[in-house]
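Have a look at the structure below, then the notes.
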Amino acid sequence: MGSRVYLARLAALPVFDPNGDRVGRVRDAVLRLRTTNRPPQVVGLVAEMALRRRIFLPIGRVTSMDAEAVVLGTGMLNLRRFEKRPNELLVLEEVLDRRVTVEPEDLQGPGQPGHVVDLGMELNRNNEWLITRVAVRQHTGRLARRGHTYQVDYNRVRGLVGPTDTQGTSNLVALLEQMRPADMANALQDLADARRNEVAAALSDRTLADVLEELPEHDQVEILIQLDRERAADVLERMDPDDAADLLAELPKAEQAVLLDLMEPEEAAPVRQLMSYTPGTAGSVMTSEPVILTPDTTVAEALARIREPELSPVVAAQVFVARAPSATPSGKYLGMVHFQRLLREPPSSILGGLIETDIDPLQPETNLTEITRRMATYDMVAMPVVDSAYRLVGAVTVDDVLDHSLPRDWRDRDAQDDQEEAHAIQRQARADDNEAGT
């Protein structure tokens with residue numbers, strides 16, 4: 001390991017055991033506060049494992065840290081969920097972006113205000129990792145100008161630890177935006193409520209929309225109601241219509257009406273339509289924006305369309321063919337073409353000659369059990385939904401089915417931990433019974 005390691009740079013790095021097997025990803029570092037003015041000690045890292053479970057990795061178990069990965073010296077891990085102790089701080093959650101004062105080198109005169117960008121730790125002769133350097137961005141007081149970033153010794157920085165109400169968001173947001181939306185949502189769940197709402201509000205509308213779609217419903221509502229209504233409407237416009245409809249359904253009727261009225265009419269229309277269907281039916285869970293093309297579209301044009309980066313993989317897996325218009329509700333629905341078929345056909349072929357018509361589309365009132373049965377029977381990742389006039393009004397995708405088949409709190413990590421703890425108690429009880437029986 002190098003003589004100095006910067007902690008913010010470890011965020012999201014993969015963690016491997018001695019055999020090269022991946023354990024998880026770094027999500028934070030843990031500082032232990034010490035007496036007097038001695039620098040904080042870095043006692044470990046917080047790693048996120050499968051199923052979004054966070055565990056503590058003692059720093060003594062780490063054999064190497066570089067720009068590519070963190071490697072452990074043992075495969076034996078304590079899988080208990082990480083819980084911070086009273087004398088500890090989390091670097092990314094609680095220290096990054098703090099407003100601090102940097103004293104002059106001669107300790108004479110006023111200090112220079114700034115915000116924490118990173119912390120550097122070094123290994124001392126007692127094999128302790130201590131914070132020795134602080135990267136600070138100068139505070140200019142000007143909205144249009146960012147101050148330069150510089151490094152100073154830890155003992156020149158005031159306000160780095162202890163209570164604070166002057167913690168910004170820019171550097172934490174920059175780290176979060178390097179993650180997938182699901183991982184960002186998971187990171188937000190670990191923040192205190194006030195801090196979570198503050199960081200969420202600092203995200204762009206597009207990013208916040210993606211993150212809200214991955215959060216438990218109670219967190220979605222809490223974040224949305226903290227935004228001013230104009231901003232909330234802007235974020236709802238950037239969510240998938242089905243996700244926006246689900247979120248709005250959690251709000252009081254009066255608030256639903258206000259936000260829908262603030263949305264652009266063309267963005268609000270599909271959301272209103274989805275909210276009109278009976279819960280638990282194809283109409284209520286479908287996406288109203290599948291890929292819809294006309295029968296005279298060529299294979300080359302269809303492939304170009306499904307390559308668009310804003311399309312999720314499950315939506316891009318197949319195209320639906322209908323008469324014009326190509327927005328829902330479309331003209332008469334004709335059939336669908338899976339992307340694998342597109343890859344096997346000449347680019348100049350037209351979709352009208354390739355469509356599959358042997359699978360009956362869903363009706364808006366089809367219930368979730370029937371949808372699941374039919375998708376499993378035909379190995380489908382998406383199925384069309386048509387109205388009484390045989391116009392395409394949307395498509396139910398496999399992720400729509402999963403979202404509405406799992407328990408309502410499946411995204412809530414606290415609920416997952418409660419379930420895991422209950423299972424562990426049951427396993428221990430069975431083990432005790434077996435031992436008593438012998």
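- In this structure, L260 and M263 have side chains that are in contact, with non-hydrogen atoms separated by less than 4.5 Å.
- Atom-to-atom distance recorded for Q178:CD and M184:CE is 10.0 Å, nearest 0.5 angstrom.
- The main-chain N or O of R238 is found under 3.5 Å from a side-chain atom of R206 such that the two form a donor-acceptor pair.
- Here the straight-line distance linking atom CZ of F56 with atom CD of E88 works out to 6.5 Å at 0.5 Å rounding.
- Considering OG1 of T297 and CG of L303, their distance stands at 11.5 Å, rounded to 0.5 Å.
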| field | Verdict with reasoning, E93 to K84, per salt bridge (charged side-chain N to carboxylate O under 4.0 Å, His left out) | value | CA-CA 12 Å; E93 179 179 335; K84 190 184 66 170; 5.7 Å; no
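- Between R229 and E255, at least one side-chain nitrogen of the basic residue sits less than 4.0 Å from a carboxylate oxygen of the acidic one, meeting the salt-bridge criterion.
- Side-chain N or O atoms of T328 include one that pairs as donor or acceptor with a backbone N or O of S288 at under 3.5 Å.
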| message | Working note: I225 + E222, criterion side-chain contact (heavy atoms from CB on, under 4.5 Å); need CA distance, chi angles, decisive distance, verdict. | response | CA-CA 6 Å; I225 63 177; E222 176 64 25; 4.1 Å; yes
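- The two residues A187 and L176 make their nearest non-hydrogen contact at CB-CD2, 3.7 Å.
- For V385 against P364, the heavy-atom pair with the smallest separation is CG1-N, 3.7 Å.
- Put simply, the side chain of M286 does not reach to within 4.5 Å of the side chain of T281, judged on heavy atoms.
- Side-chain contact between L188 and D219 is absent, with no heavy atoms from C-beta onward closer than 4.5 Å.
- Using a cutoff of 4.0 Å between basic side-chain nitrogens and carboxylate oxygens, D190 and R27 are not scored as salt-bridged.
- Each of V211, L259, D205 was scored for a side-chain contact (heavy atoms from CB on, under 4.5 Å) with V235, with one residue passing: D205.
- Rounding to the nearest 0.5 angstrom, the gap separating the CZ atom in R374 from the CG atom in D360 is 6.0 Å.
- The CE atom of M383 sits 7.5 Å away from atom OH of Y378, with the distance rounded to the nearest 0.5 Å.
- Taking the charged nitrogens against the carboxylate oxygens, D118 and R133 have no contact shorter than 4.0 Å, which rules out a salt bridge.
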| How far apart are the C-alpha atoms of L31 and L119, what are their side-chain angles, what is the distance that settles it, and do they pass the side-chain contact (heavy atoms from CB on, under 4.5 Å) test? | CA-CA 11 Å; L31 301 183; L119 299 179; 4.0 Å; yes
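- In summary, D193 and R196 engage in a salt bridge, as defined by a charged side-chain N under 4.0 Å from a carboxylate O.
- Taking 4.0 Å as the cut-off between side-chain N and carboxylate O, R61 and D17 do not count as a salt-bridged pair.
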| task | Would you check, one step at a time, whether the test side-chain contact (heavy atoms from CB on, under 4.5 Å) holds for V95 with L7? | result | CA-CA 11 Å; V95 180; L7 295 172; over 6 Å; no
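- Side-chain atoms of V15 and L45, non-hydrogen and from C-beta on, never get closer than 4.5 Å to each other.
- Atoms CG and CG, from D240 and L212 in turn, are 12.0 Å apart once rounded to the nearest 0.5 Å.
- Within a 6.0 Å radius of CZ in R22, more than 12 heavy atoms belonging to other residues, nucleotides or ligands are found.
- Environment of CZ in R323: sparse, with no more than 12 heavy atoms of neighbouring residues, nucleotides or ligands closer than 6.0 Å.
- In the displayed structure, E308 atom CD is contacted under 6.0 Å by more than 12 heavy atoms of other residues, nucleotides or ligands.
- No donor-acceptor pair closer than 3.5 Å links the side chain of R137 to the backbone N or O of T149.
- For the residue pair D210/T207, the side-chain donor-acceptor check at 3.5 Å is not satisfied.
- At least one donor-acceptor pair closer than 3.5 Å links the side chain of Q256 to the backbone N or O of L251.
- With contacts defined as side-chain heavy-atom distances shorter than 4.5 Å, the pair V116/V134 qualifies.
- Contact check for Q220 versus D243: no side-chain heavy atoms found under the 4.5 Å cut-off.
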When the side chains of residues 309-319 are checked against the rest of the protein, which donor-acceptor pairs come out under 3.5 Å, sequence neighbours left out?
residue: S312; atom: OG; partner: V315; partner atom: N; Å: 3.4
residue: Q318; atom: NE2; partner: A382; partner atom: O; Å: 2.5

| field | Full working for side chain to side chain donor-acceptor pair (under 3.5 Å) between T372 and T369 | value | CA-CA 5 Å; T372 305; T369 301; over 6 Å; no
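- Heavy atoms from other residues, nucleotides or ligands lying under 6.0 Å from CZ of R80 number 12 at most.
- Smallest separation of non-hydrogen atoms from A302 and L342: CB-CD1, 4.0 Å.
- The backbone N or O of V71 lies less than 3.5 Å from a partner atom in the side chain of T63, making a donor-acceptor pair.
- Closest non-hydrogen pair, W129 versus S3, comes out as CZ3-O, 4.4 Å.
- Contact detail for L247 and L224: the closest heavy-atom pair is CD2-CD2, 3.9 Å.
- The minimum heavy-atom distance linking V285 with D400 is given by the pair O-CG, 3.2 Å.
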| request: In sequence, state the C-alpha distance, the side-chain angles, and the governing distance for L90 and V30, and then conclude on side-chain contact (heavy atoms from CB on, under 4.5 Å). | output: CA-CA 5 Å; L90 294 173; V30 183; 3.8 Å; yes
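- In this structure, M336 and I359 have side chains that are in contact, with non-hydrogen atoms separated by less than 4.5 Å.
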